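Below is one structure; the comments refer to it alone.
FYI, the numbering just counts along the sequence from 1. On a predicted model such as this, the values are computed, not experimentally measured, just so you know. Indexing begins at 1, ligand by ligand and atom by atom, following the structure's order.
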Amino acid sequence: MTQPTARAVAFNDLRAAHAEVRAELDACWADALEHASFIGGAAVEQFERSFADACGIDNAVGVGNGTDALQLVLEALGIGRGSEVIVPANTFIATAEAVARTGAQPVFVDVSPDSLLISPDAVRAALSARTAAVIAVHLYGQLADMAALQRLCRHAGVALIEDAAQAHGARRDGLGPGARSAAATFSFYPGKNLGALGDGGAVLTGDRGLADAVRMLANHGRGGHDGDHAVIGTNSRLDALQAAVLSVKLRRLDTWNERRRQVHAWYRELLPAGARATAIEAGNVAVHHLEVARVPRRDEVRGRMLAAGIATGVHYPVPCHRTGAFRRPGADGASCPVAEDAAARVLSLPMHPFLTRDDVALTCDALAAALEPAVRP
Ligand SMILES: *Cc1c(COP(=O)(O)O)cnc(C)c1O
């Protein structure tokens, strides 16, 4: 019997990305061995400079990963036990983990129904005398409403931090992450728009003092003179090899983001009516880290798409305040109804720079078929 060969569509395609820059990546490895410089050094300084320049912000500090980047910023701002930090309920768990690891209390707020980004109205309602900071998450690759959040935070006298782990190169009203906040944090996890060949992260800030404080905390509190350790720090540094790889891939970031915008345009054209697209808020030039739609019977739809050769994801299946890590006993009422409803319906469709219009058409056809009610015997 001959099986029809269904064409598969991959969720992401890191091999294709790396094939484009393979010779340059090989050279990174050779250089690292040649110079025997593995932690810090010229490759890290060079990447920090080019990332800061590309983002139009004065200071970049390479760190171990995106979660540490957030925690280090919070610690450098003196935020810890006794403080509250407002975070969206619909985000990757790392946003809340970073807060909790400092000893501060994450306060979860709901997201806007169309964009699923942190809602400024919900932030306003959650501000308290204990609020020390608000973390805006630029979820799925578009910036949250930074103008509104900046006004709120200035008025309340609290710090504004951006979790830009999904938004390398994104802009809103002409401004990128780091332009309207104390600092923006990035992850270079391999699957992000700008990804290393392992873990990595960065803090971007216009505040030189904050950059120095983060750098000191991330490198065992080293600073001052005579080899002193001025504060209790940790080990969260960017490897030289990863920095070199990131410098190579940074040169492709705009091109790859532009291709993601093209893929998103095809989705906008072809997405079946039964799926609700995530709205891009006004003023955004998004970088479409993820292409998230909301569908009924999500898990069944997902299974039927997988059977048709289409890989999908779910970002995120449990809102942070309902996870085992953060739910509070006895607090079962729906406190973030939009995030809770979204968690049951969100479906991430294949999104990467190497998708063709045919891939998107195939995906949307499979989605349309999967949305048809199952035939009952
Ligand atoms: C990936 C991600 C992080 C964490 O980054 P790591 O490098 O994996 O620690 C934090 N926040 C968001 C929104 C992310 O997507």
Item checked: ligand 1 to Tyr189 polar contact by distance, N or O atoms, under 3.5 Å -> no
Margin query: What I'd like to find out is whether the side chain of Pro350 reaches to under 4.5 Å of the side chain of Asp359, using heavy atoms alone.
Written below: no
Item checked: Numbering as shown, the atoms of ligand 1 that approach Gly66 to under 4.0 Å (heavy-atom distance) -> 5 (O), 6 (P), 7 (O), 9 (O)
Checklist line | Heavy-atom nearest neighbour in the protein, as seen from atom 1 (C) of ligand 1, with distance rounded to 0.1 Å | finding: Lys192 NZ, 1.7 Å
Check: Closest heavy-atom contact between Ala136 and Ala144?
Finding: CB-CB, 4.3 Å
Item checked: Glu24 with Lys249: basic N within carboxylate O range, under 4.0 Å -> no
Notebook entry, point to check: What do we get for Asp163 next to ligand 1 when only non-hydrogen atoms under 4.0 Å count, side chain, backbone, both or neither?
Noted result: side chain
Notebook entry, point to check: What are the atoms of ligand 1, with element, lying closer than 4.0 Å to any heavy atom of Asn65?
Noted result: 7 (O), 9 (O)
Item checked: Ligand-side contact atoms (ligand 1) for residue partner Phe92, heavy atom cut-off under 4.0 Å -> 2 (C), 3 (C), 12 (C), 14 (C)
Next item on the list: Show your working on side-chain hydrogen bond (donor to acceptor under 3.5 Å, both in side chains) between Ser348 and Glu291 and close with a plain yes or no.
Entry: CA-CA 5 Å; Ser348 304; Glu291 180 71 37; over 6 Å; no
Check: Non-hydrogen atoms of His289 versus ligand 1: any pair closer than 4.0 Å?
Finding: no
Check: Can you list the atoms of ligand 1 that are under 4.0 Å from a heavy atom of Ala94?
Finding: 3 (C), 4 (C), 10 (C)
Note to self: Under 6.0 Å between ring centres: does that hold for His315 and Tyr140?
What the structure shows: no
Item checked: Geometric N/O contact Ala165 with ligand 1, under 3.5 angstrom -> no
Next item on the list: Would you confirm whether the ring centroid of Tyr189 sits within less than 6.0 angstrom of the ring centroid of Phe92?
Entry: no
Check: For Ser187, is at least one N or O under 3.5 Å away from an N or O on ligand 1?
Finding: yes
Margin query: Under 3.5 Å between any N/O of Thr91 and any N/O of ligand 1: does that happen in this structure?
Written below: no
Checklist line | Minimum-distance protein heavy atom relative to atom 4 (C) of ligand 1 | finding: Thr67 OG1, 3.5 Å
Next item on the list: Examine distances only and state if a side-chain atom of Asp68 and a backbone atom of Asn65 form a donor-acceptor pair shorter than 3.5 Å.
Entry: no
Note to self: As a quick check of understanding, evaluate side-chain contact (heavy atoms from CB on, under 4.5 Å) for Glu48 and Asn59, giving each step before the final call.
What the structure shows: CA-CA 8 Å; Glu48 288 177 341; Asn59 311 280; over 6 Å; no
